[in-house]
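Comments concern the structure below.
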Protein chains: 2
Amino acid sequence: MKRVRLIDVAERAGVSMKTVSNVIHDYPHVAPALRARVQAAIDELGYRPNLTARRLATGRTGMIALAIPEIDHPYFSELSRRIAEEATGLGYRVIFEQTLSDASAERAVLHDREAGLVDGVIFHPVQMGTMEIARLAPDVPLVLLGEAAMPVTTDHVMIDNVAAAADGVDLLLTAGRRRIAFLGTVRDDITGSTGQRLLGYQDRLIAAGIRPDPWLILPVDGFSIEDSRVALLRAIDRGVDFDAVLCRDDKFAIGALKALATAGRSVPAEVAVLGWDDTHLASYSSPALTSIAPDKHALAQTALGLLVERIEGHKGVGRHRIVPHSISVRETTPG
Amino acid sequence: MKRVRLIDVAERAGVSMKTVSNVIHDYPHVAPALRARVQAAIDELGYRPNLTARRLATGRTGMIALAIPEIDHPYFSELSRRIAEEATGLGYRVIFEQTLSDASAERAVLHDREAGLVDGVIFHPVQMGTMEIARLAPDVPLVLLGEAAMPVTTDHVMIDNVAAAADGVDLLLTAGRRRIAFLGTVRDDITGSTGQRLLGYQDRLIAAGIRPDPWLILPVDGFSIEDSRVALLRAIDRGVDFDAVLCRDDKFAIGALKALATAGRSVPAEVAVLGWDDTHLASYSSPALTSIAPDKHALAQTALGLLVERIEGHKGVGRHRIVPHSISVRETTPG
DNA sequence: GTGAAAGCGCTAACAC
DNA sequence: GTGTTAGCGCTTTCAC
């Protein structure tokens with residue numbers, strides 16, 4: 001059974017393609033009787049416009065690509081949801097590109113993968129840096145997320161990681177904690193967001209008159225919960241003395257919670273724990289995690305807003321937007 | 001700056017479009033010198049084929065739609081990742097359609113949303129039932145996931161929920177538990193997977209000579225962790241006596257864990273807890289959750305396999321596939 | 001207000 | 001081996 005085409009409807013209704021097209025697009029100046037006749041033909045034939053053909057003709061695909069490291073990472077899945085909802089509201093659909101933090105997959109995103117397929121792309125790079133992205137700048141509108149790369153030429157949205165980390169430290173300081181550990185320097189990841197967070201952490205400590213203790217900066221050998229659990233356990237075994245731990249993300253915080261439970265340290269009485277990203281994990285854990293919360297909604301909205309402006313023809317240098325953050329206080333920090 | 005087209009490359013290289021096309025598609029019979037010349041032109045001009053145009057010409061979009069209730073639900077995000085990876089391996093890209101369990105959004109999936117846009121769709125319905133889907137059967141290849149609907153006419157993949165629930169009960173029985181509660185009958189959701197799971201639960205109990213106690217079937221007023229926490233707490237307050245709880249999904253199990261912690265019941269010593277879906281939540285919780293594990297990889301692979309067969313022209317009645325399940329034993333069930 | 005026809009950029013017969 | 005050309009299905013001037 002062949003798909004029914006616009007012309008089939010036109011023949012059935014005894015009109016031209018243009019008229020059918022007018023009806024489909026609710027073009028106002030169509031005689032009511034004609035409109036009804038055409039609509040009847042559409043219904044009888046079960047006609048559905050071929051979106052691919054429409055695209056070729058209009059040059060607008062109505063799709064955007066969202067390229068993120070992993071769909072099933074809580075932060076990215078939550079952000080994706082926001083972006084998908086926002087995109088739907090703006091009349092776009094989103095196609096997912098999972099890079100798995102692989103350099104060549106990331107390059108492919110900017111290279112040929114999306115040619116003529118999408119109107120624009122929102123990309124959260126991990127491997128690719130500022131320089132490389134600037135060089136490969138694609139022919140299609142692009143908005144960058146995250147801290148890994150921020151070429152001046154490209155639109156970019158993020159939270160102020162330095163300030164957010166400082167706010168986290170503040171919260172802990174206010175609660176009377178003085179020996180605040182930072183859990184989460186993964187080797188080779190200092191350039192990205194972790195570096196920014198570490199910076200904010202150190203700044204605020206110094207501002208409070210506390211000299212950052214290098215022993216309190218705890219490296220982790222990977223990105224998993226288990227890695228973070230082991231890292232904190234090892235620190236405890238080494239006798240590192242701390243009364244709070246600011247974690248690079250919620251996963252690390254969950255690992256920290258596990259380690260503290262094993263070590264018999266009570267949370268938050270003996271040790272306060274602060275997560276980052278405010279993912280579902282934070283509310284699901286027990287005790288529920290206090291977490292630094294990027295405004296994901298604002299992130300999605302801002303990114304899409306910039307992208308749509310580009311799609312609609314905005315030219316000019318990259319715009320760099322900072323969206324708000326807050327702290328979702330739950331049970332792992334003292335009341 | 002206008003996009004460069006195939007014909008631009010052809011002119012630059014002084015050949016016909018066909019030759020350029022041959023080079024792009026690695027058609028073997030092209031004189032090496034010519035090939036080099038064309039390739040040079042492609043590189044110089046930075047030519048990228050317009051995928052939309054290619055689609056119109058070939059009739060193949062190379063995309064599939066994945067329609068699920070929520071991208072950021074752990075089960076669906078993990079399944080999505082598997083499906084996205086599998087699809088990539090097969091040369092398809094995936095576009096996401098989030099239904100939010102909304103009936104009209106679900107109908108739209110089968111209706112006009114995907115016309116000519118994708119080669120096929122994988123759809124996990126929640127609201128739409130067997131009859132309605134059978135009636136709206138779309139013009140595009142379709143594979144259904146989940147238990148909400150399974151029209152004979154449509155391909156369908158799921159796990160054997162009845163058997164999986166029975167296996168879960170078995171595990172608990174073997175551990176010596178006799179008063180096993182079932183947490184998770186949400187009102188109006190009896191028709192879906194919860195109903196199947198409840199069935200398997202009751203069957204196995206009866207087979208073991210235990211009469212299912214209606215008091216042990218605990219209703220929950222929603223789908224959130226908080227709902228499940230409250231539900232279990234309420235049961236405890238009512239004095240319901242149980243030594244194990246089989247939960248409808250991991251989220252409910254997390255809620256149960258919170259309730260048990262509040263009530264001071266130790267897990268698994270006093271109460272064993274069994275989750276369902278084996279999502280990341282299960283390994284992230286403390287204690288780590290034992291969970292019934294659908295083989296998500298097999299689910300993704302099977303669904304995509306069936307879909308691709310349909311796309312490639314397979315006709316005939318719906319095929320209904322059961323994929324394996326297992327139980328990931330962690331800390332919430334006795335050793 | 002409605003119709004005819006020229007594209008959109010690429011593919012694939014079919015010639016040469 | 002390489003070039004010509006007729007579509008793919010829709011949109012959109014531009015006449016009528």
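Labels below follow one simple rule: chain letters A, B, ... track the order of the sequence lines, proteins then strands, and each chain is numbered from 1.
Taking atom CZ on A:Arg48 and atom P on D:dC8, their separation rounds to 21 Å, with Å as the unit. The distance from atom CG of B:Leu6 to atom C1' of C:dA12 is 13 Å, rounded to the nearest whole Å. Atom NE2 of A:His29 and atom C1' of C:dT2 are 13 Å apart (whole Å). Atom-to-atom, CG of B:Leu56 to C1' of C:dG7 comes out at 12 Å; the value is rounded to the nearest Å. Between the CZ atom of A:Arg55 and the C1' atom of C:dC10 there is a distance of 16 Å, given to the nearest Å. Distance CZ (B:Arg5) to P (C:dG7): 12 Å, rounded to an integer number of Å. The interatomic distance linking A:Ile24 (CD1) with D:dT12 (P) rounds to 12 Å, in whole Å. Straight-line distance from the CZ atom of B:Arg60 to the C1' atom of C:dA12: 16 Å, rounded to whole Å.
A search for side chain to side chain contact (heavy atoms under 4.5 Å, CB included) contacts involving A:Ala103 returns A:Arg107, A:Gln127, not counting sequence neighbours. Residues forming a salt bridge (charged side-chain N to carboxylate O under 4.0 Å, His left out) with A:Arg82 (at least two apart in sequence, or on another chain): none.
Within a heavy-atom distance below 4.0 Å of DNA chain D, the residues of residues 7-19 of chain A found are A:Met17, A:Lys18.
Taking the centre and axis of the six-membered ring of A:Tyr27, the NZ or CZ atom of A:Lys18 falls inside the cone set by 45° and 6.0 Å.
For the residue pair B:Asp102 and B:Ser104, a side-chain donor N or O sits within less than 3.5 Å of a side-chain acceptor on the partner.
The nearest heavy atom of DNA chain D to B:Ala57 and to B:Tyr27 marks one nucleotide each, and the one closer to the 5' end goes with B:Tyr27.
Dashed line: the shortest gap from a side-chain N or O of A:His25 to OP1 or OP2 of D:dT11 is under 4.0 Å. Proximity of B:Tyr47 to the phosphate of C:dC10: a side-chain N or O atom is located under 4.0 Å from OP1 or OP2.
When side chains are defined from C-beta on, B:Leu66 counts as touching B:Ile68, because their heavy atoms get closer than 4.5 Å.
Of the residues A:Val38, A:Val4, A:Asp8, the one that meets the side-chain contact (heavy atoms from CB on, under 4.5 Å) test with A:Tyr47 is A:Val4.
Note on ring orientation: taking the six-membered ring where Trp is involved, the planes of B:Phe76 and B:His124 are perpendicular (angle over 60°, cut-offs 30° and 60°).
Between D:dG9, C:dT2, C:dC10, one nucleotide has an atom nearer to the side chain of B:Ala53 than all others, and that is C:dC10. Comparing C:dT2, D:dT2, D:dG9 against the side chain of A:Asn50 picks out D:dG9 as the nearest.
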